[in-house]
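Please read the structure below before turning to the comments.
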Amino acid sequence: MKKVRKIEPSLPILPKRKKVAAYARVSEEKGRTFHSMSAQISHYSSFIQKNKEWIYAGVYADEGITGTTDNRTEFQRMIEDCEKGKVDIILTKSISRFARNTVDLLETVRYLKTLGIEVRFESENINSLSDDGELMLTLLASFAQEESRSISENVKWGIRKGFQKGIVNSFCIYGYRWDGEKFNVVPEEAEVIKLIFDNFLKGYSAEHTEKQLKEMGIKSYTGGHFSNTSIRAILRQEKYTGDSLLQKTYIEDHITQKSVINKGELPMYYAEDTHPPIIEKEVFDKVQAEIARRRKLGVFANKAIKTSCFTSKIKCDICGKSYRRSGKRQRKNAKEVYYIWTCRTKSEKGISYCHPKDVPEKMLHKYIAIALGLEEFDEEVFAEDVEKVVVKGQDELIIHFYDGQILTQKWQSSARTECWTPEARKKKSAYMKKNPRSSGTITCFTSKISCSKCGQNLRRNTSTRVSGEKARHWRCPPYNGCGHKGLEENLLKSISADVLNIEEFDETEFKDRIDRITVVSNDELIFHLNDGSQTTRPWQAKVQQPAWSEERKKQQSKKMVKVWRDKHEQNKNK
């Protein structure tokens, strides 16, 4: 018999279509227009959709952003979509469009390669997944980065040549608007500028002017709140005189594009009459002189701040910040204020940031007077001779004199010893007996039961029995080694009722008649009554049972679990 084999028809396996996206960017460096951007997007959209082997995954486009920055939002979004598996191939015009930093380019391409994503550079005809792709990318990216640096240097050279001729770049500040050819004064904003300068010369602080502008409803250049920082910047801005100081800042690195303040690294140029003035030069010069005077005075220049001879002179040895003064009114005399000096960092952020010792003002007076060789503290002598006082550790004041001398003065606060007199101690003790402080466990026995061996008050301990009943005992503080057994609270109440000759224990009568109880031993208590008499009562702690076996412990544990579960279910069903 012939052998017949059936051949099933098979469908052709179609190649998997790739998800293709494109990245486009137009930089303003070469005068590109945003119209060129729309042309690139249109080109790539059409180009991808015409290829039947590709699936259109979109075009990511950044407008007017240099390739040397990290602020390309569309580029970052494209990388995120690659991580999500939305893109298989990325098309881009050239290496310079993708990135001009060789390191960033290679890191990005290598990362995409690990994801299995291919990057194709059209101008250079490079495929990142090919064998020689990374070598070519390294060489060409280096050329692109050098081209970027060359263009940046040429632009800087042109700008600096313009500075030498007094040519001013366009700027955006409050009070002026650029119309494409020249700067024009904004009348309403110019009046605000004049008010700021006038207030400062009248002695008002920037905070005062900030509050005034807020009440007037005046907004800043960006339409937000007019901050005191902006007001201080306006007071130092020479452009309001019609002149311009050029190259106050410069771009340090063409890769980061970070602008830094020119502190003498490059020459600056002062160009006069570059635009219409708002403030007269004489007024501006007076303001600069007043700024210098206030800076020299420091905190003393602000009349709204209460100062003393110690202000800005007491320093922290840990963080270097100045100490600040704080006062607290006394209970005995509300008119008397007790002042201490504390580190500003500690005061504002907390002890976890800085933990120096606070110094009472009286101690500063006392020990600085000793260091100065004076019988009493003298503010004028201190202000003339002492530059600063550094608080170090727990007991040192390091005094720096203007003549260069440094003196270390030991100090110790006497605030506690001065106020903690025998009378105060007795009064506090009586108060605590009547008003004991605790976390919800205050009873009539609190602070009234003391140990004859250690002298300390017994503490109340609470435990839960198997039945769920609370068992309360009074014991000495742990680790005292007194050897006293726990005094059960119910037994204590029974003995106290017997001492008071009442049938049932009464808390009010106990407080009124019994001053304290002394635990002499494990079988004797002494009751001290308020009338001065005392009586002794025997007591006996419950005999402890032999230690439980491991088997009994397990059985007891199971019972406890059942009790707690039943109790939980009852509470849950309520």
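One is the number of the first residue; the rest follow in order along the sequence. Scope of the values below: all heavy atoms of this structure, side chains included, with no hydrogens, waters or symmetry mates. Keep in mind the model is a prediction, meaning the values are calculated, not measured.
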(message) A quick test of your reading: do over 12 heavy atoms of other residues, nucleotides or ligands sit less than 6.0 Å from CD of E375?
(response) no

(message) A side-chain contact here means heavy atoms from C-beta on lying under 4.5 Å apart; do V287 and I279 qualify?
(response) no

(request) Could you tell me whether a side-chain N or O of Q288 sits under 3.5 Å from a main-chain N or O of L235, the two making a donor and an acceptor? (result) yes

(request) Looking only at non-hydrogen atoms, find the nearest pair between I231 and A206 and report the distance. (result) CD1-O, 3.7 Å

(message) Would you compute the distance between atom CZ of R236 and atom CZ of R232 and round it to the nearest 0.5 angstrom?
(response) 8.0 Å

(message) Within the supplied structure, the quantity of interest is the number of heavy atoms (other residues, nucleotides, ligands) at a distance under 6.0 Å from K281 NZ; does it exceed 12?
(response) yes

(message) Is it the case that the side chain of H400 and the backbone of V389 share a donor-acceptor pair, with hydrogens and angles ignored and the cut-off at 3.5 Å?
(response) no

(request) Please tell me if the side chains of Y221 and I173 come closer than 4.5 Å, counting only heavy atoms from C-beta onward. (result) no

(request) Kindly indicate whether the side chain of C319, heavy atoms from C-beta on, has any atom under 4.5 Å from the side chain of C343. (result) yes

(request) Taking all heavy atoms of E379 and all of C309, pick out the closest pair and write down the distance. (result) CG-SG, 3.8 Å

(request) Would you name the heavy atoms of T446 and T443 that are closest together and state the gap between them? (result) OG1-N, 2.9 Å

(request) May I ask you to check if K194 and Y240 form a cation-pi contact, with NZ or CZ under 6.0 angstrom from the six-membered ring centre and within 45° of the axis? (result) no

(message) Within the 4.5 Å heavy-atom criterion, are R324 and E348 side-chain neighbours or not?
(response) yes

(request) List the steps, then state whether side chain to side chain contact (heavy atoms under 4.5 Å, CB included) holds for I340 with V359. (result) CA-CA 6 Å; I340 65 167; V359 186; over 6 Å; no

(message) I want to check something: taking the side chain as every heavy atom from C-beta on, are K410 and E396 in contact at a cut-off of under 4.5 Å?
(response) yes

(message) What's the separation between atom CG in L364 and atom CD1 in I314, rounded to the nearest 0.5 Å?
(response) 5.0 Å

(message) Please check if the number of heavy atoms outside Y204 that lie under 6.0 Å from its OH is greater than 12.
(response) no

(request) Measure the shortest side-chain to side-chain distance between I399 and I406 over non-hydrogen atoms and say whether it is less than 4.5 angstrom. (result) no

(request) Output yes when a side-chain donor or acceptor of D62 lies under 3.5 Å from a complementary backbone atom of F75, and no otherwise. (result) yes

(request) Answer yes or no: is there a side-chain heavy-atom contact under 4.5 Å between K219 and F226? (result) no

(message) Keeping S452 on the side-chain end and V519 on the backbone end, is there a donor-acceptor pair under 3.5 Å?
(response) yes

(request) Would you give the length of the straight line joining atom CD1 of I291 to atom CZ of F200, rounded to the nearest 0.5 angstrom? (result) 4.5 Å

(request) Could you please spell out the steps behind the side chain to side chain contact (heavy atoms under 4.5 Å, CB included) verdict for I370 and Q409? (result) CA-CA 8 Å; I370 295 173; Q409 178 67 52; 3.9 Å; yes

(message) The test is ring pair (Phe, Tyr, Trp, His ring centres under 6.0 Å); show your working for F377 and Y367 and say whether it passes.
(response) CA-CA 9 Å; F377 179 78; Y367 289 99; over 10 Å; no

(message) Does H225 have more than 12 heavy atoms from other residues, nucleotides or ligands lying within 6.0 Å of its NE2?
(response) yes

(request) With side chain to side chain contact (heavy atoms under 4.5 Å, CB included) as the test, would you mind laying out the steps for L372 and V386 before giving the verdict? (result) CA-CA 9 Å; L372 293 172; V386 178; 4.1 Å; yes

(request) State, yes or no, whether a side-chain contact exists between L458 and C451 at a heavy-atom distance under 4.5 Å. (result) yes

(request) State whether E290 and R293 are salt-bridged, where the test is any N-O pair (Lys NZ or Arg NE/NH1/NH2 against Asp/Glu carboxylate O) under 4.0 Å. (result) yes

(request) Working to the nearest 0.5 Å, report the span between OG of S322 and NZ of K315. (result) 2.5 Å

(message) Please find the pair of heavy atoms, one from Q237 and one from F284, that lie closest to each other, and give the distance.
(response) O-CE1, 3.3 Å

(request) Please round to the nearest 0.5 Å and tell me the distance separating atom CD1 of I196 and atom CD of Q212. (result) 9.5 Å

(message) Minimum heavy-atom separation for P276 and V185, please, with both atom names.
(response) CB-CG2, 3.8 Å

(request) Take Y323 and C316, measure what side chain to side chain contact (heavy atoms under 4.5 Å, CB included) needs, and give me the verdict at the end. (result) CA-CA 7 Å; Y323 270 51; C316 176; 3.7 Å; yes

(request) Quick one: do H365 and F310 satisfy ring pair (Phe, Tyr, Trp, His ring centres under 6.0 Å)? Show the steps, please. (result) CA-CA 10 Å; H365 285 163; F310 295 127; 5.5 Å; yes

(message) Determine whether a donor-acceptor pair (N or O, by modelled atom type, separation under 3.5 Å) exists between the side chain of N199 and the backbone of S205.
(response) no

(message) Closer than 3.5 angstrom, by distance alone: can the side chain of K346 be matched with the main-chain N or O of P356 as a donor-acceptor pair?
(response) yes

(message) Does the Lys NZ or Arg CZ of K448 fall within the cation-pi geometry relative to F445 - under 6.0 Å from the ring centre and within 45° of the axis?
(response) no

(message) Quick check for you: to the nearest 0.5 Å, what is the distance between K313 atom NZ and I368 atom CD1?
(response) 9.5 Å

(request) Report, as yes or no, whether the 6.0 Å neighbourhood of atom CD on E280 holds more than 12 heavy atoms from other residues, nucleotides or ligands. (result) no

(message) Once ring-ring contact (aromatic ring centres under 6.0 Å, His included) is applied, do any residues pair with W411, and if so which ones, sequence neighbours excluded?
(response) none

(message) Testing the basics here: between I278 and Y176, what is the closest heavy-atom pair and its distance to 0.1 Å?
(response) CG1-OH, 3.5 Å

(request) Verify whether one side chain among D358 and T342 offers a donor that lies under 3.5 Å from an acceptor in the other. (result) yes

(request) Could you please spell out the steps behind the salt bridge (charged side-chain N to carboxylate O under 4.0 Å, His left out) verdict for R177 and E189? (result) CA-CA 11 Å; R177 293 295 184 276; E189 296 181 2; 2.7 Å; yes

(message) For H528 and T518: C-alpha separation, side-chain torsions, deciding distance, then whether side chain to side chain donor-acceptor pair (under 3.5 Å) applies.
(response) CA-CA 8 Å; H528 303 265; T518 302; 3.1 Å; yes

